[in-house]
Amino acid sequence: MVTAIKSYKERWHADQVKECAELWHLTDEETSKLLHLKEKIADISHWKNDPFEVVRFAKEFKFHLKTCEHKFRHSIQWRLGHAADTILEDYTPPRLYNYF
């Protein structure tokens with residue numbers, strides 16, 4: 001659950017990137033590639049654009065930056081297109097639900 005949405009600058013602060021690299025046991029090369037990926041997706045204004053989320057894409061696609069960027073952008077587009085971030089607030093159960 002997201003408790004407080006931080007700014008892009010706060011999410012990608014050097015301390016956050018360092019902590020992420022330590023937790024994921026990233027090499028210096030992988031950390032460098034993560035920072036390059038950060039530059040490529042800097043235009044995405046979404047709470048998931050932070051190192052702890054983006055690193056999952058980087059690891060999954062073996063730090064192939066073009067693929068990581070494409071998949072991350074596609075994921076964010078899908079989330080926005082399907083209102084995945086607001087489903088708990090937007091969902092209205094069917095009337096029949098009240099009888100059970």
Side-chain angles (χ1 to χ4, degrees):
M1 180 176 163
V2 179
T3 55
I5 298 178
K6 299 177 184 176
S7 71
Y8 174 81
K9 206 172 194 180
E10 290 172 317
R11 290 189 310 261
W12 280 97
H13 188 271
D15 293 338
Q16 294 290 95
V17 174
K18 182 180 177 186
E19 182 182 355
C20 179
E22 288 172 359
L23 289 172
W24 282 85
H25 305 290
L26 300 182
T27 65
D28 290 341
E29 182 181 354
E30 290 172 334
T31 303
S32 176
K33 287 184 176 186
L34 181 64
L35 291 171
H36 285 311
L37 185 56
K38 168 199 168 196
E39 307 269 330
K40 293 179 170 285
I41 60 174
D43 62 310
I44 299 174
S45 178
H46 192 275
W47 65 269
K48 280 206 166 266
N49 188 353
D50 79 29
F52 295 96
E53 294 288 335
V54 174
V55 73
R56 295 181 310 113
F57 288 84
K59 293 289 270 187
E60 174 68 24
F61 300 106
K62 312 284 191 251
F63 287 88
H64 185 268
L65 297 183
K66 192 172 184 177
T67 303
C68 295
E69 177 186 3
H70 172 74
K71 295 294 187 177
F72 185 75
R73 288 183 184 281
H74 185 266
S75 172
I76 298 300
Q77 270 184 329
W78 183 90
R79 292 184 72 82
L80 295 173
H82 290 86
D85 296 323
T86 59
I87 194 165
L88 293 177
E89 292 86 24
D90 297 343
Y91 179 71
T92 305
R95 272 188 16 206
L96 187 59
Y97 180 80
N98 294 328
Y99 297 104
F100 292 100

When rounded to the nearest 0.5 angstrom, what is the spacing between NE2 in His13 and NZ in Lys18?
11.5 Å

Flag the pair Asp50 / Gln16 as yes when at least one side-chain heavy-atom distance between them is below 4.5 Å, and no otherwise.
no

Quick one: pull up CG in Leu37 and NE2 in His64 and give me the separation to the nearest 0.5 Å.
12.0 Å

Could you go through Trp12 and Leu34, starting from their C-alpha distance and side-chain angles, then the distance that decides it, and tell me whether this counts as side chain to side chain contact (heavy atoms under 4.5 Å, CB included)?
CA-CA 11 Å; Trp12 280 97; Leu34 181 64; 4.2 Å; yes

Hey, does Glu69 have a side-chain heavy atom less than 4.5 Å from the side chain of Phe61?
no

ILVMFWY cluster, Tyr8 and Trp47 together (side-chain gap under 4.5 Å)
no

Mark yes or no for whether Thr86, through its side chain, and Glu89, through its backbone, hold a donor-acceptor pair below 3.5 Å.
no

Go through the steps for Lys48 and Arg56 under the test side chain to side chain contact (heavy atoms under 4.5 Å, CB included), then give the verdict.
CA-CA 11 Å; Lys48 280 206 166 266; Arg56 295 181 310 113; 4.0 Å; yes

Does Lys6 offer a backbone N or O that forms a donor-acceptor pair with the side chain of Arg11 under 3.5 Å?
yes

Would you compute the distance between atom CG of Asp85 and atom CD1 of Ile76 and round it to the nearest 0.5 angstrom?
7.5 Å

When you look at CG of Asp28, are more than 12 heavy atoms from neighbouring residues, nucleotides or ligands closer to it than 6.0 Å?
no

Rounded to the nearest 0.5 Å, the NZ atom of Lys59 sits from the NE2 atom of His25 at a distance of 8.5 Å

Do the side chains of Leu80 and Val54 join up, straight or via other hydrophobic residues, at under 4.5 Å, putting them in one cluster?
yes

Any side-chain heavy atom of Ile87 sitting closer than 4.5 Å to one from His82?
no

Intermediate values then yes/no, side chain to side chain contact (heavy atoms under 4.5 Å, CB included), Lys38 and Val17:
CA-CA 10 Å; Lys38 168 199 168 196; Val17 174; 5.7 Å; no

Show the nearest heavy-atom pair for residues Ala58 and Cys68, with the distance to one decimal.
CA-SG, 3.5 Å

d(Thr31 OG1, Glu29 CD) to nearest 0.5 Å is 10.0 Å

What one should report as the nearest heavy-atom pair of Cys20 and Pro51 is SG-O, 3.4 Å

State, yes or no, whether a side-chain contact exists between Phe63 and His36 at a heavy-atom distance under 4.5 Å.
no

Nearest-0.5 Å distance, OG1 of residue Thr67 to NE2 of residue His74:
13.5 Å

Pair Ile44-Phe72, side chain to side chain contact (heavy atoms under 4.5 Å, CB included): steps then yes or no
CA-CA 10 Å; Ile44 299 174; Phe72 185 75; 3.7 Å; yes

